[in-house]
Chemist: 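Following this message is one structure expressed as structure tokens.
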4 protein chains.
Amino acid sequence: MTAGPETPLRSGARRNRDQIIAAAKAMFLELGPDVPMEGIARQAGVGVGTLYRRFPDRVALIRAVARHNFGTVLEQVRAAADEEPTAWEAIVRLLSRSRELRLTVQLALVSPLSWAVIRDDETTHEIQDEIMAVLDDLVRSAQAEGKMRGDVGAGDLAVMCSLLLRRVDLASGKDPDLILDRRWS
Amino acid sequence: MTAGPETPLRSGARRNRDQIIAAAKAMFLELGPDVPMEGIARQAGVGVGTLYRRFPDRVALIRAVARHNFGTVLEQVRAAADEEPTAWEAIVRLLSRSRELRLTVQLALVSPLSWAVIRDDETTHEIQDEIMAVLDDLVRSAQAEGKMRGDVGAGDLAVMCSLLLRRVDLASGKDPDLILDRRWS
Amino acid sequence: MTAGPETPLRSGARRNRDQIIAAAKAMFLELGPDVPMEGIARQAGVGVGTLYRRFPDRVALIRAVARHNFGTVLEQVRAAADEEPTAWEAIVRLLSRSRELRLTVQLALVSPLSWAVIRDDETTHEIQDEIMAVLDDLVRSAQAEGKMRGDVGAGDLAVMCSLLLRRVDLASGKDPDLILDRRWS
Amino acid sequence: MTAGPETPLRSGARRNRDQIIAAAKAMFLELGPDVPMEGIARQAGVGVGTLYRRFPDRVALIRAVARHNFGTVLEQVRAAADEEPTAWEAIVRLLSRSRELRLTVQLALVSPLSWAVIRDDETTHEIQDEIMAVLDDLVRSAQAEGKMRGDVGAGDLAVMCSLLLRRVDLASGKDPDLILDRRWS
DNA sequence: TATGAATGAGTCTTCATTCAT
DNA sequence: AATGAATGAAGACTCATTCAT
């Protein structure tokens, strides 16, 4: 018996977990990451107690949502790389049509708390690194395809993505400086 | 008596007001617009009561900070336009060196509340319009100078500034779409 | 299990609710309807949070106390009508010995806030109407018994009760005029 | 010179005082004796500072308003006694047409605080005693005139006025008992 | 294991009172 | 003497978190 007696319970628990993350993601986006935990629980169709059983506190929940978000972005990035005929088209698809990317970014920016949670979560970093690796490949391929200016990989894509996905601390005094001088000519 | 009839009261009150806005601006940036009002008051060196006398509630305070921020941006934009020898250099100076711009933007993005406050404040809109007017002039001049590609005015500058200064609602379903296709070639 | 599915939770909650209303009633009478909510909670033996869970704000609490008060008056009026041998004796019992009636009235008069709450609560009005219906019956019966002057029903009883139980607005300019002329001869 | 240099100032001060009392009386009636002092000051057309110069705290203000109210009632009672041809008519005029009386009463009942202030103010008591003295005379005269039942003086007039003007503590357990038994036959 | 009632610390906000001008 | 700005203590209310059922 590979499937023990716990399987149905596990799947119920899993459903709960997913519903909570989905509800939290939606409410974070709409109302910021300060929404009452009880509201999230209600939206997810569970009691607060259940929410707290899965996620010991708000930070844990934000972390889980962040991982989920970045995980989805990673999937989309890979899908684009796999499915589009050229690297260039993959990049265009990602940048112009990825709503997920923007939502993910928004969560990261939306509050000092969520920013800090993401900054400090190693698992999220790993996902971000995987995303960046795929993107780097894409950029290099696109340049090899002759579809992209040579200075873009470290420039614009960074402005649009790296800024968003990397741990750049906007509040710190250190400007990433956006490589702007080169760009506007 | 050199001073006008209300000068003594006004000057103290004015100083307080400025201190409160400065404190609020700093703390909003560092900790988000949810920082305890009492903390802001302490930082400003006044009692909570004084803070509430000037700004009936948090929204009023956020609004005042936003106006102040955008007002400073406007000053900087005008200063750059006036002081730099060419429009092009003015643009570069603004985009590469304006910390104020980034801070202003950050407040706008940092929470649903501040976003909504800015979106609904007519006075802020007027300042934003003035900023955009100066920027439009600069872009047109830079293009006349031959220093800027013709498609930039409506493109990149918009990506960097318009997105930031205009009332684009990131949370809405409608993508500004970022004119990306043209950009990456 | 003898108890129904919600009995355990409900019974504790119900007890809390009753304790809160009792505490509020007592403190409203002694200190007015402005007593700190926290004091009421303490008196009731619960935390403030519990108080607010049952009654979202002070108005809701005043309303609940008013309904409870008038409900008790209704019970007493009915009891008097049922238990006394004659209508006349029922009336005397009510007017001379009903402490509840006076306390109820006092809450209504004690502050503009409680006055307004009672004035606007339809449920309270319904209870008041039931009270008045029983009283009307009693007066008519007493007159039939020959124990009461014919002009009393619309006069003194109204002065004492109707003024108290009906929605007469003392603060308005319109005098109920108290049918005084007839009375003092 | 009987009128010293202070006379104009004194009269200004007196005007201030009167305005404050008038404003306080109006606002106590409308909003209860908890209205913000600053609101009273504004209504009176003076600064808070001035209000506090005249009345060191809220209790002093309530006391002053109470004295003023009862003083006006006394004037009206005397006027009625003087101007009406018979005691009976004076009584009818007072009870049926004295709006002042009701307002005065209402202030006394309206909150535990004002109740206590009136209960403890000797000056107010003296005014109340004068009022009662005039009323007693009127009742006795009316009875001599044969216009009033002999049991009224201690009964109804007490119910209507004494209850209102005397220091009966409604909240105490001791019922004045309203001499009801005799009344309803 | 899921639920939601209870708790109370943390914030917001008001307003009596003081005091510099 | 009049003014109204400043203060901070007090009270309202919310919500994260715990825990009995």
Side-chain angles (χ1 to χ4, degrees), chain A residues 6 9-10 12-13 16 34-42 45-59 61, chain B residues 3 5-17 34-42 44-58 61, chain C residues 1 3 5-17 34-42 45-58 61, chain D residues 6 9-10 12-13 16 34-42 45-59 61:
Chain A
E6 280 190 341
L9 286 177
R10 277 270 276 288
N16 271 351
D34 304 317
V35 269
M37 297 295 262
E38 184 145 3
I40 298 173
R42 196 176 319 115
V46 302
V48 241
T50 302
L51 194 164
Y52 273 92
R53 166 176 298 276
R54 306 294 175 202
F55 308 97
D57 56 21
R58 179 180 295 277
V59 164
L61 181 56
Chain B
E6 294 191 24
T7 304
L9 286 178
R10 274 261 277 282
S11 78
R14 160 59 67 148
R15 176 170 19 266
N16 274 347
R17 203 192 132 88
D34 304 316
V35 267
M37 296 295 262
E38 183 145 4
I40 297 173
R42 185 166 35 251
V46 302
V48 237
T50 301
L51 194 165
Y52 275 95
R53 167 178 285 273
R54 303 298 169 199
F55 307 99
D57 55 21
R58 182 178 294 277
L61 181 57
Chain C
M1 284 139 206
E6 293 192 26
T7 304
L9 288 177
R10 274 262 276 284
S11 78
R14 159 58 67 149
R15 174 167 26 263
N16 274 347
R17 205 192 130 87
D34 304 318
V35 265
M37 296 294 262
E38 183 145 5
I40 297 173
R42 187 168 29 254
V46 302
V48 237
T50 301
L51 195 165
Y52 276 95
R53 167 180 285 275
R54 303 298 167 197
F55 307 98
D57 56 21
R58 180 178 296 277
L61 181 56
Chain D
E6 279 190 341
L9 286 178
R10 278 269 275 287
N16 271 351
D34 304 316
V35 270
M37 296 296 262
E38 183 145 3
I40 297 172
R42 194 175 323 113
V46 303
V48 242
T50 303
L51 194 165
Y52 273 91
R53 165 175 299 277
R54 307 293 175 202
F55 308 97
D57 58 19
R58 179 180 295 276
V59 163
L61 180 56

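Just so we're on the same page: letters track the sequence lines, and every chain starts at 1.
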Chemist: Return the value, rounded to whole Å, for the distance between atom CG of L61(D) and atom P of dT17(E).
Modeler: 11 Å

Chemist: To the nearest 0.5 Å, tell me how far F55(C) CZ sits from I40(C) CD1.
Modeler: 10.0 Å

Chemist: Which of these nucleotides, dA16(E), dG11(F), dC12(E), is closest to any side-chain atom of R58(C)?
Modeler: dG11(F)

Chemist: Considering only side-chain heavy atoms of R53(D), which listed nucleotide, dA6(F), dA2(F), dA5(E), is closest?
Modeler: dA2(F)

Chemist: Using the side-chain heavy atoms of M37(C), tell me which of these nucleotides is nearest: dA12(F), dG4(E), dG8(F).
Modeler: dA12(F)

Chemist: Looking at every heavy atom in both D57(D) and M37(D), which two are closest together, and how far apart are they?
Modeler: C-CE, 4.0 Å

Chemist: Would you give the length of the straight line joining atom CG of L51(D) to atom CG of N16(D), rounded to the nearest 0.5 angstrom?
Modeler: 9.5 Å

Chemist: Counting Watson-Crick and G-U wobble pairs with both distances under 3.5 Å, what is the dot-bracket string for DNA chain F, 5' to 3', using [ ] for crossing pairs and | for pairs to another strand?
Modeler: .||||||||||||||||||||

Chemist: When we call it a touch if two heavy atoms are under 4.0 Å apart, what does R42(D) touch: a base, just sugar-phosphate, or nothing?
Modeler: nothing

Chemist: Starting at atom CZ of R15(B), determine the distance to atom P of dA6(F), rounded to an integer number of angstrom.
Modeler: 11 Å

Chemist: Regarding V59(D), tell me which of base, sugar-phosphate or nothing describes its non-hydrogen contacts under 4.0 Å with the strands shown.
Modeler: nothing

Chemist: Any donor-acceptor pair under 3.5 Å linking the side chain of R58(B) with the backbone of V35(B)?
Modeler: yes

Chemist: Which nucleotide, dT14(F), dG8(F), dT11(E), lies nearest any side-chain atom of V48(B)?
Modeler: dG8(F)

Chemist: Check the phosphate of dA2(F) against N16(D), side-chain N and O only, distance under 4.0 Å to OP1 or OP2. Yes or no?
Modeler: yes

Chemist: On DNA chain E, check which nucleotide each of G49(B) and V46(C) is closest to and give me the residue with the more 5' one.
Modeler: V46(C)

Chemist: Output the rounded distance in Å from CD (E38(A)) to C1' (dA6(E)).
Modeler: 12 Å

Chemist: Given atom CG of D34(A) and atom P of dT17(F), what is their separation to the nearest angstrom?
Modeler: 12 Å

Chemist: What is the separation between atom CZ on F55(B) and atom P on dA6(F), rounded to the nearest whole Å?
Modeler: 11 Å

Chemist: Rounded at 0.5 Å granularity, tell me how far CZ in R14(C) sits from CZ in R54(C).
Modeler: 10.0 Å

Chemist: With heavy atoms under 4.0 Å as the rule, sort R54(D) into base, sugar-phosphate or nothing.
Modeler: sugar-phosphate

Chemist: Assign each of L51(B) and Y52(C) to its nearest nucleotide of DNA chain F by heavy atoms, then name whichever residue's nucleotide is nearer the 5' end.
Modeler: L51(B)

Chemist: Please figure out whether D57(B) or T50(C) has its closest DNA chain E nucleotide nearer the 5' end.
Modeler: T50(C)

